[in-house]
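Note that the numbering runs from 1 along the sequence shown for the chain.
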Amino acid sequence: MKKIIAIIISVIIVFSSFSFCLTAFALKTTDVEKTRIGNSKTYYEYSAQTKTLTLSGSGSIPSFLNNDEAQPWSSWRSDGSIERVVVEEGITGIGNYVLYQVCAEEVQLPSTLKTIGNYALAYNSKITSYEIPFGVKSIGASSFENCISMTNVSLPDTLTTISKNAFKQCYKLENVKIPYSVTSIGSYAFHRCSVLSSAEFETLSSPVKIGSYAFMNCPLLSELSVPLGATVGTYAFGYNDSKKKYDGVSMKLFSGSDAMAYAKTRSIPYELIEVIPLELGVVNKNEYIEDTFNKDYYYSFIPETTQIYNIYSTGDVDLRAVISDSEGEIEQSDDISNDNLNFCLSCNLEAGKEYSITVSSVKSEGEYAVVVYPDEIQSFDIKGELSFTADEGKLNEDSVRLFEISDDMLDGFVLDIKFGGDYSDKIYYSNGYFDNKTIMLSDKQSETPFTCGNNNSYISIGEKESVFSVYIEHSYEEEVIPYTVDDDGYSVFTCILCSDSYKDNFVPTPAVTVSGKAVLMEHPDGSHSHEVPYSYATFFANNRTYYIDEEGNWSVNTFDDLDLVFENKNGKDVSVHIDVDGEDVDFGAVAFEGYDFTGDSRVNAKDFVVFLKEKKEKLGEDYWKYAYNFL
């Protein structure tokens, strides 16, 4: 019988592969440059050399309609042109039909992914396996339908929804493990998974809705263990498409459960489950209600490594627990603390040995969960970062700008934890009790205040600590510097946190420049035919002192008419009036008598003596020759 089924399955696979992944002779040979997808912040590009389609950007790739015009790569999606798809970090969602019928041998998904849309990865005849990243919360209807070569798929502990038809007609899918986080499996989710021989629920306690026909026409799935809180839809398990029950099917289930009613009404043999097995890191949800108020629940745990483990509960139910082995009771626990009514059994357990845990309610109703982890946390990494603008910080009494980081801001941060015994797990950050320790934000701004750019903040689990990045963006305050007679106006923008600054909004000064040349007067009539530069005077204008350079050049900026007074070191002072009409003025030469070294208002032998003794070396021998005209 199994041989006949296998032949039929092979024929179906062959015909199905021809139906949607035909290989054409003319492959795409030209690259596609980075192109925006619709109005989104996502892009696609294609390398013909590597046959790689790359999807990049931020946010969700928008959904397409189910037609050739909507999908940019529709004309070459199934002809062998695309061997590899890379969805880059930053993409949070893959919309409907985005990679529909894209027959790539490899699809790389990012750790930022949260949702996979309807038919998003469906009808791929070449890919053999998928590892859905931690963080994905939902996979849409028919999202992996007809991936006929896929033999296995790894689902993350963040997944809550497996929509209808999600893995329908994945003919080579051999087994699937349903994460403890899943609360809903849609109708026909694993319909016609012809070689599926194992469908294992990660926990046998958590509530999950198994939709109608979910495992219909899975002829090799002969047994199904159904969680305590599960509801089971019509023909969900044990039937073919004709609604005929397979021979030899059976179920493992809990007494009084919905699964038991399903088995009884369909005459499916069943075996009762009395004990809920615990695995590391698996959250086993359960509930105490009025009908189970006095009921004990039984759990078991078999360690792989000898070490200290913490078996504990979370929730709002007042619980107590006892752990035992074949020799009797080892330890019991009631309240963790006065304000935490959960239990924690912290024990050194031997590898390979089975331990029993009995959980009881202390006259309390509500939801709870049981978890087990190794006690030793070796290290952990944090995936997540925050950003602020500098003006979001608040000054404290010491005028230090501090940034308030709340637990809500860390929602979605992932902690990748390495435990003792070579075990690791990923969890979302949540302030509170974890593994007999406290997870909390460790803020050290009082010791090391943030500045602009990248900063470090910390999360601690017990005594272990790890770092995440907090980026502070500049916030600038503007100071307007008005123009002056000498300088342009502008604004100075200075960061309120780090004092980084820049200038902008320049306003040219409307002042005009008046310039001229100071020369040595060569004759009492004021002539200066040789234009000898004279740099031995200073002048005053606008209540400021100005200086003449070595070449005799002088200039001054002004808004108004000028009255300049040149103070001459070697002779008479000179006064000049200049009219200004809005344009620069080249006044020309101003001549100075430069021989009255004694300051007695005449040029005589006394001045010549001063020249010889004090001035000759500096002024030069030729300087005095003009003085003879003034003797």
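The number of heavy-atom neighbours closer than 6.0 Å to NZ of K383, taken from other residues, nucleotides and ligands shown, is above 12. Within a 6.0 Å sphere centred on CD of E287, other residues, nucleotides and ligands contribute more than 12 heavy atoms. Other residues, nucleotides and ligands place more than 12 heavy atoms under 6.0 Å from the NZ atom of K245. The environment of E304 atom CD is sparse: at most 12 non-hydrogen atoms of other residues, nucleotides or ligands sit within 6.0 angstrom. A 6.0 Å sphere centred on NZ of K353 holds more than 12 heavy atoms belonging to other residues, nucleotides or ligands. Around atom CD of Q49, no more than 12 heavy atoms belonging to other residues, nucleotides or ligands sit under 6.0 Å away. Within a 6.0 Å sphere centred on CD of E106, other residues, nucleotides and ligands contribute more than 12 heavy atoms. Heavy-atom neighbours of K252 NZ from other residues, nucleotides or ligands within 6.0 Å: at or below the threshold of 12.
Of the N and O atoms on the side chains of N294 and Y288, not one donor lies less than 3.5 Å from an acceptor on the other residue. In this structure, a donor-acceptor pair under 3.5 Å is absent between the side chains of S225 and E200. Between the side chains of D425 and Y373, a donor-acceptor pair is found at a separation under 3.5 Å. Side-chain polar atoms of S142 and N118 form no donor-acceptor pair below 3.5 angstrom. Side-chain contact check for T203 and N284: at least one donor-acceptor pair (N or O, by modelled atom type) lies under 3.5 Å. Side-chain contact check for T54 and S56: no donor-acceptor pair (N or O, by modelled atom type) lies under 3.5 Å.
Distance alone, capped at 3.5 Å, is enough to place a donor-acceptor pair between the Y312 side chain and the D435 backbone. Between the side chain of E45 and the backbone N or O of T35 there is no donor-acceptor pair closer than 3.5 Å. Of the possible polar contacts, none joining the Q108 side chain to the V86 backbone as a donor-acceptor pair under 3.5 Å is found. One N or O on the side chain of Q307 and one on the backbone of G420 form a donor-acceptor pair closer than 3.5 Å. S222 places no side-chain N or O within 3.5 Å of a backbone atom of G248 that could act as its donor or acceptor partner. Within the 3.5 Å criterion, the main-chain N or O of S47 finds no donor-acceptor partner in the side chain of D31. A donor-acceptor pair under 3.5 Å is absent between the side-chain atoms of N310 and the main chain of C344, judged by distance alone.
The distance between the ring centers of F167 and F215 does not fall below 6.0 angstrom. No close placement of the W73 and Y46 rings is indicated, their centers lying 6.0 Å or farther apart. Aromatic rings from F64 and Y100 are positioned such that their centres are separated by 6.0 Å or more.
The aromatic rings of F413 and F468 lie perpendicular to each other, with more than 60° between the two planes, well past the 30° mark. Ring pair Y309/F301 is perpendicular by interplanar angle, where above 60° counts as perpendicular and below 30° as parallel.
In summary, K28 and D79 do not engage in a salt bridge, as defined by a charged side-chain N under 4.0 Å from a carboxylate O. Using a cutoff of 4.0 Å between basic side-chain nitrogens and carboxylate oxygens, K177 and E279 are scored as salt-bridged.
Atom CD1 of I82 and atom OG1 of T50 lie 11.0 Å apart (nearest 0.5 Å). The CD1 atom of I210 lies 10.0 Å from the CZ atom of F237; values are rounded to the nearest 0.5 Å. Between L159 atom CG and S184 atom OG the span is 10.0 Å, to the nearest 0.5 Å. Here CG of D416 is found 9.0 Å from CZ of F134. Values are rounded to the nearest 0.5 Å. Rounded to the nearest 0.5 Å, atoms NZ (K209) and OG1 (T161) are 11.0 Å apart. Here the CE-CD distance, from M251 to E223, works out to 10.0 Å after rounding to the nearest 0.5 Å.
For the pair V317 and N342, the tightest heavy-atom approach, listed with the atom from each and the gap, is O-OD1, 4.1 Å. When every heavy atom of D381 is checked against every heavy atom of K418, the shortest pair comes out as OD2-NZ, 4.2 Å. Between S143 and I116, the closest heavy-atom pair is CB-CG2, 4.0 Å. Taking every heavy atom of both residues into account, T306 and A351 meet most closely at OG1-N, 2.9 Å.
Results of the side chain to side chain contact (heavy atoms under 4.5 Å, CB included) test with E145 over K168, K164, R192 single out K168 as the only residue that passes.
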